[in-house]
Amino acid sequence: MSFDWSQYLNLAKELAGQATIPAEQEARLRDAISRSYYAAFILARNYLRDKQGQSILDFRF
């Protein structure tokens, strides 16, 4: 499957209220997934910091 990455630019413009061409559904779905992933990461980081007293920088992979 090939994704037209310029659709991310169209979506960014649309979200900023400057769209001349509406974003395609795939760009919207990819953006939603990306935002969900980032939110889950931040929630986990904050839980470790606030409830466990740990930092993600303390972990060695």
Side-chain angles (χ1 to χ4, degrees):
M1 167 170 37
S2 179
F3 178 66
D4 179 3
W5 291 96
S6 67
Q7 288 300 314
Y8 263 169
L9 180 57
N10 291 344
L11 179 57
K13 288 178 180 179
E14 188 174 308
L15 292 171
Q18 300 173 358
T20 56
I21 301 171
E24 291 183 10
Q25 183 65 16
E26 185 176 355
R28 292 177 173 283
L29 292 173
R30 286 174 178 264
D31 185 60
I33 291 167
S34 176
R35 289 171 188 253
S36 298
Y37 176 83
Y38 188 67
F41 171 78
I42 295 299
L43 288 169
R45 181 203 64 185
N46 291 352
Y47 177 83
L48 284 172
R49 182 190 65 207
D50 300 341
K51 304 291 186 189
Q52 302 293 319
Q54 297 180 7
S55 168
I56 60 171
L57 300 177
D58 295 338
F59 291 93
R60 303 250 190 268
F61 296 99

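Only heavy atoms go into these numbers, but all of them, side chains included; no hydrogens, no water, no symmetry mates. Note that this is a predicted model, so its numbers are computed, not measured.
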Subject >> Cluster link Y47 to F41, ILVMFWY, side chain under 4.5 Å >> reply: no
**OP:** Mind checking the CG-CD spacing from L11 to Q25? Nearest 0.5 Å is all I need.
**Re:** 10.0 Å
Original post:
Is there a chain of hydrophobic side chains (I, L, V, M, F, W, Y, each step under 4.5 Å between heavy atoms) that links I56 to Y37?
Top reply: no
Original post:
Would a distance-only check, ignoring hydrogens and angles, find a side-chain to backbone donor-acceptor pair under 3.5 Å from S34 to R30?
Top reply: no
Original post:
Do the side chains of L48 and I42 join up, straight or via other hydrophobic residues, at under 4.5 Å, putting them in one cluster?
Top reply: yes
**OP:** Just grab all the salt bridge (Lys or Arg N to Asp or Glu O under 4.0 Å) pairs involving residues 32-47, residues at least two apart or on different chains.
**Re:** D31-R35
Original post:
Is there a donor-acceptor pair under 3.5 Å between the side chain of Q7 and the backbone N or O of E24?
Top reply: yes
